[in-house]
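Before anything else, here's the structure in question.
Just so it is clear, the model here is predicted, and its values are computed rather than measured.
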Amino acid sequence: MVGNSKDGPQNDLRKLEDLYRTRWQRHGLSPQSLGWTKGKQGVRFDVLLSDLSCEGRAFLDVGCGFGDLNLVLKERANHYEYLGLDLMPEFLDEGRKLYGSESVAFALGDFLSIEFARPFDYALASGIFAFELTEMDNYTYIERTLGKMFALSTEAVSADFLSDKVNFRRDQTFYANPGRILDIAFGLTRNVRLRHDYMPFEFAVTLFKDDSFMEQDTVFNRYKNAR
């Protein structure tokens, strides 16, 4: 299903692996190993999947951690396909134990350095853009990653970010400007949704593949079909 190439910021990825491995050794099977400390994973997943039709769809989960997105997908669909991708073999081993099945699979690797043999209905990412890079500009990394996710998806891409509209800053953490992310998104599609209404210091962007509309009413066809 996947093959390897070399496109990602390799030194930064090694640093990220070291960070996650230290957390894993300290916390084990816990959201804290993934950097989530306040029990809000479910909120993020709910927002990323909002208005997406899950039944019978194929999902790519970039930076999947333990694959906990499956907890929400199981509530929303009787049948779906899932591929979780992560840098950490320890996380993937736990994901396979928890959720692995004929339709739920996991793969090891850096998203930008992997070639995929098939498209997915949806490509999602939660938490992968929160690390401040040193060998690549963060916005360049975001643009490349969202662009590849968009090319691999047939329906939509959803990703979340830490917002720069914060009243605190942490070292080695990247806070994205929502306007900059919108500019990147509009470079791929006109049909974009940004939500900054569920947490004060985080936001999510969904890029819908179908941005077609009728000239006489200039309303997105996807919007009309969903009503």
Side-chain angles (χ1 to χ4, degrees), residues 1-2 16-17 19-21 23-24 27-112 114 116-131 145-146 148-150 152-162 193 195 198-199 202-209:
M1 178 168 295
V2 295
L16 197 56
E17 289 176 35
L19 174 63
Y20 281 123
R21 187 156 287 113
R23 290 173 176 170
W24 166 254
H27 301 293
L29 183 58
S30 165
Q32 294 183 71
S33 291
L34 309 177
W36 305 127
T37 60
K38 298 181 180 179
K40 298 184 289 188
Q41 246 185 336
V43 175
R44 297 182 181 96
F45 292 154
D46 180 67
V47 170
L48 290 178
L49 292 171
S50 61
D51 294 333
L52 303 187
S53 177
C54 298
E55 184 62 40
R57 300 306 203 273
F59 293 84
L60 174 63
D61 186 4
V62 182
C64 66
F66 303 125
D68 291 326
L69 180 65
N70 284 280
L71 290 172
V72 182
L73 291 176
K74 289 178 183 294
E75 294 177 350
R76 301 188 179 205
N78 293 316
H79 303 285
Y80 65 90
E81 294 181 40
Y82 172 95
L83 177 64
L85 181 70
D86 204 275
L87 297 170
M88 298 296 296
E90 296 90 340
F91 295 170
L92 298 174
D93 287 343
E94 294 298 331
R96 292 185 184 101
K97 294 175 189 175
L98 290 167
Y99 308 111
S101 69
E102 290 185 2
S103 60
V104 176
F106 295 87
L108 178 68
D110 163 40
F111 175 67
L112 288 181
I114 287 179
F116 293 81
R118 55 158 291 182
F120 301 83
D121 295 300
Y122 301 118
L124 281 70
S126 181
I128 70 168
F129 298 124
F131 184 71
T145 302
L146 289 181
K148 185 171 180 178
M149 291 171 67
F150 194 76
L152 280 168
S153 69
T154 61
E155 294 196 32
V157 167
S158 247
D160 59 25
F161 303 83
L162 295 178
R193 180 181 62 214
R195 291 193 57 180
Y198 61 101
M199 294 186 198
E202 299 186 26
F203 68 96
V205 174
T206 301
L207 293 71
F208 296 102
K209 199 86 173 188

Quick one, Leu52 with Arg76, criterion side chain to side chain contact (heavy atoms under 4.5 Å, CB included). Give me CA distance, side-chain angles, the key distance, then yes/no. CA-CA 10 Å; Leu52 303 187; Arg76 301 188 179 205; over 6 Å; no
Taking only Lys NZ, Arg NE, NH1 and NH2, and the carboxylate oxygens of Asp or Glu, determine whether Arg195 and Glu202 approach each other closer than 4.0 Å.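 No, this pair does not count.
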Gap separating the CE atom of Met149 from the OG atom of Ser158, nearest 0.5 angstrom: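 If I round to the nearest 0.5 Å, the distance is 8.0 Å.
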Without swapping roles, check the side chain of Tyr122 against the backbone of Leu60 for a donor-acceptor pair under 3.5 Å.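 No.
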Please check if the side chain of Asp61 supplies one atom and the backbone of Ala123 the other of a donor-acceptor pair under 3.5 Å. no
Could you tell me which non-hydrogen atom of Ser50 sits nearest to which non-hydrogen atom of Arg193, and how far apart they are?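 Heavy atoms of Ser50 and Arg193 come nearest at O-NH2, 2.9 Å.
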Heavy-atom donor-acceptor pair, Ser30 side chain to His27 backbone, under 3.5 Å: no
Value rounded to 0.5 Å, distance of CG in Leu69 from CZ in Phe59: 7.0 Å
Ignoring hydrogens and angles, tell me if any N or O in the side chain of Glu55 forms a donor-acceptor pair with the backbone of His79 under 3.5 Å. yes
Please check this pair: side chain of Asp86 against backbone of Leu92, looking for a donor-acceptor N/O pair closer than 3.5 Å. no
Straight-line distance of Leu87 CG to Arg21 CZ, nearest 0.5 Å: 9.5 Å
Contact check, side chains of Ile128 and Asp160, non-hydrogen atoms, under 4.5 Å: no
How many angstroms lie between atom CZ of Arg57 and atom OG1 of Thr154, to the nearest 0.5 angstrom? 8.0 Å
Please examine the side chains of Met199 and Val47, heavy atoms only from C-beta on, and report whether any two atoms are closer than 4.5 Å. no
Check whether any side-chain N or O of Ser103 sits under 3.5 Å from a backbone N or O of Glu81 as a donor-acceptor pair, and report yes or no.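 Not confirmed, Ser103 side chain does not pair with Glu81 backbone.
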Given ring-ring contact (aromatic ring centres under 6.0 Å, His included), test Tyr82 with Phe106 step by step and report yes or no. CA-CA 8 Å; Tyr82 172 95; Phe106 295 87; 5.7 Å; yes
What closest approach, in Å, do Leu48 and Ala125 show between heavy atoms, and which atom pair accounts for it? CD1-O, 3.9 Å
Any side-chain heavy atom of Cys54 sitting closer than 4.5 Å to one from Glu75? no
Find out whether Phe129 and Thr145 are in side-chain contact, i.e. whether some heavy atom of one side chain is under 4.5 Å from a heavy atom of the other.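 SC-SC contact between Phe129 and Thr145 confirmed.
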Checking Asp121 against Lys209 for the salt bridge (Lys or Arg N to Asp or Glu O under 4.0 Å) test, could you report, in this order, the C-alpha distance in whole Å, the side-chain angles of both residues, the deciding distance, and whether it holds? CA-CA 10 Å; Asp121 295 300; Lys209 199 86 173 188; over 6 Å; no
Side-chain H-bond candidate by donor/acceptor type, Tyr99 with Asp68, under 3.5 Å: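 Indeed, the side chains of Tyr99 and Asp68 share at least one donor-acceptor pair under 3.5 Å.
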Is the Phe116 to Phe111 ring centre distance short of 6.0 Å?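 Distance test on ring centres: under 6.0 Å, yes.
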Given side chains that start at C-beta, do those of Phe203 and Val205 come closer than 4.5 Å, heavy atoms only?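 Contact flag for Phe203/Val205 side chains = yes.
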Ignoring hydrogens and geometry beyond distance, is a side-chain donor-acceptor pair present between Tyr80 and Asn70 at under 3.5 Å?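 Looking only at side-chain atoms, Asn70 and Tyr80 do form a donor-acceptor pair, the distance falling under 3.5 Å.
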Verdict with supporting geometry, Leu124 and Val62, side chain to side chain contact (heavy atoms under 4.5 Å, CB included): CA-CA 6 Å; Leu124 281 70; Val62 182; over 6 Å; no
Kindly assign one of parallel, tilted or perpendicular to the pair Trp24 and Phe91, based on the angle between their ring planes and the thresholds 30° and 60°. perpendicular
Starting at CE of Met88, measure out to CG of Asp93 and round the result to the nearest 0.5 Å.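 So the CE of Met88 and the CG of Asp93 are separated by 10.5 Å.
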Got Ile114 and Leu85 here, is their nearest side-chain heavy-atom distance under 4.5 Å? yes
Could you measure the distance from the CG atom of Leu29 to the CZ atom of Phe66? Nearest 0.5 Å is fine. 5.0 Å
